[in-house]
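Order of appearance sets the numbers: ligands from 1, and atoms from 1 within every ligand.
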Amino acid sequence: MGKLIIDTDPGIDDAQAIAYAIAHPQLELIALTTVFGNASIEITTRNALAVLEKFDALDVDVARGASSPLHIDRFASPDFVHGDDGMGNLDIAPEQLIENELSAAEYIVEAANQHHGELTIVAIGPLTNIAKALSLDPQLPLKLKRLIVMGGTVLAPGNVSPVAEANFINDPHAADIVCSQNWPLSIVGLDVTMKIALTDWHFEELQQQAGGVGEFLWQSSRYYVDFYSSLPIPISSQRACAMHDASALVYLTNPELFEMNSGVARVVTSGVAMGQLISASLSENYLLPHWQNLPPIEWAAQVESEQVLNHFTSTLIQHFKP
Ligand code: RIB
Ligand code: CA
């Protein structure tokens with residue numbers, strides 16, 4: 001699968017995804033590019049540096065990205081989901097790692113040119129950095145191996161509004177720009193991630209068998225599982241949280257566990273449906289200009305949840321066991 005950049009807003013579930021990318025033997029994580037979202041850019045960048053130190057991944061670069069969306073005002077950070085510090089109020093901080101001198105967008109463009117055709121980007125936060133990288137280099141879609149996005153929802157309810165998922169509504173213009181480019185683009189949204197429930201049993205397995213990383217993922221998950229346990233419709237019969245971000249990485253390593261639908265896509269950029277991901281079948285030919293000349297994308301419609309969870313936990317235990 002090769003070289004990988006994760007564009008991220010750590011973020012409790014982002015840390016789970018980062019741990020998986022470090023642990024998987026076929027992934028070479030070269031950088032985290034940070035973005036606002038689960039917390040301010042200052043906090044998400046601090047968390048990115050700190051988790052890399054906790055995961056002993058000192059060779060991974062961190063490039064700071066966007067502090068706000070392209071055109072709308074930034075929403076307040078969801079501290080009720082990820083805590084005031086974006087990491088379950090563990091207040092982690094880096095001790096030695098420092099940020100790269102390039103911005104996230106500059107780093108993405110430079111890496112895509114350096115690793116032409118070999119670089120995969122998995123975006124697990126608002127898509128502002130990806131949109132800015134496109135502005136710097138409109139040829140970016142032709143230089144990447146692929147782009148995988150955790151975000152959006154087509155048929156399942158949204159988690160911020162009835163139709164909008166957090167990463168997409170946090171910067172709907174960036175999401176719409178990304179969906180209209182000719183990448184190989186795969187979207188892993190709430191249609192599948194709300195069916196992938198990391199339970200306290202999984203976190204106890206990690207805590208007992210995945211060394212210090214397992215302990216950290218257990219500690220940081222407490223606040224997150226409490227939030228999900230407070231929802232009116234529980235995602236599991238056990239105390240659990242949705243494995244949003246790491247599922248996008250498991251899709252990269254084990255696509256056979258996901259059923260993908262093909263289509264074209266737009267994202268609503270204003271009004272009551274702002275942030276909504278709308279996908280149309282490739283066989284339709286809508287005459288409205290908004291729906292003309294759109295490139296094909298694919299979005300995850302079904303998933304083998306238990307196998308995804310098993311891959312996640314076994315990969316982390318295999319790599320991080322003492
Ligand atoms: O809707 C879930 C997404 O929003 C995840 O990426 C989570 O980290 C938040 O960024
Ligand atoms: Ca995220």
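Residues Asp85 and Arg46 are not paired through a salt bridge, judged by the lack of any N-O separation under 4.0 Å between the basic side chain and the carboxylate.
No side-chain heavy atom of Thr313 sits under 4.5 Å from any side-chain heavy atom of Leu309.
With a cut-off of 3.0 Å, the Ca ion (ligand 2) has no N, O or S atom of Pro10 in range. At a cut-off of 3.0 Å, Asp13 is not counted among the residues with an N, O or S atom near the Ca ion (ligand 2).
In the model, Gln114 has no side-chain atom that pairs as donor or acceptor with a side-chain atom of Glu110 under 3.5 Å. No hydrogens or angles considered: nothing links the side chains of His244 and Asp13 as a donor-acceptor pair under 3.5 Å. The closest side-chain donor-acceptor pair between Arg64 and Ser67, if any, does not fall under 3.5 angstrom.
At least one N or O atom of Asp14, backbone or side chain, sits closer than 3.5 Å to an N or O atom of ligand 1. Taking only nitrogen or oxygen atoms, main chain and side chain alike, Leu190 does not reach within less than 3.5 Å of ligand 1.
Of all the atoms in ligand 1, the ones that sit under 4.0 Å from a non-hydrogen atom of Ile124 are 6 (O), 10 (O). Residue contact check: Asn38 has heavy atoms under 4.0 Å from atoms 7 (C), 8 (O), 9 (C), 10 (O) of ligand 1. Using a 4.0 Å cut-off to heavy atoms of Glu165, the atoms of ligand 1 that qualify are 1 (O), 2 (C), 3 (C), 4 (O). Close contacts between ligand 1 and His244 involve ligand atoms 2 (C) [criterion: under 4.0 Å to a heavy atom]. Taking every heavy atom of Asp245 and a limit of under 4.0 angstrom, the matching atoms of ligand 1 come to 5 (C), 6 (O), 7 (C), 8 (O). Numbered from 1 in the order shown, with element, the atoms of ligand 1 that lie under 4.0 Å from a heavy atom of Asn159 read 1 (O), 2 (C). Every atom of ligand 1 is numbered from 1 in the order shown, and the set under 4.0 Å from a heavy atom of Ala166 is 1 (O), 4 (O).
No continuous path of hydrophobic side-chain contacts links Ile18 to Ile108 [ILVMFWY only; heavy atoms under 4.5 Å].
Among heteroatoms of the N, O or S kind in Asp245, OD2 lies nearest the Ca ion (ligand 2). The name of the N, O or S atom in Asp9 nearest to the Ca ion (ligand 2) is OD1.
Here the heavy atom of the protein found nearest to atom 4 (O) of ligand 1 is Asn167 OD1, 3.3 Å. Nearest protein heavy-atom neighbour of atom 8 (O) of ligand 1: Asp13 OD1, 2.6 Å.
Sparse packing is recorded around NZ of Lys132, with 12 or fewer heavy atoms of other residues, nucleotides or ligands lying under 6.0 Å away.
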Is there a ring pair (Phe, Tyr, Trp, His ring centres under 6.0 Å) between Tyr224 and His82? Walk through the geometry before answering.
CA-CA 6 Å; Tyr224 200 50; His82 292 268; 5.1 Å; yes
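Annotation: cation-pi pair Arg239/Phe203 absent, no NZ/CZ under 6.0 Å from the ring centroid and within 45° of its normal.
A donor-acceptor pair under 3.5 Å is formed between the side chain of Asp191 and the backbone N or O of Ala156.
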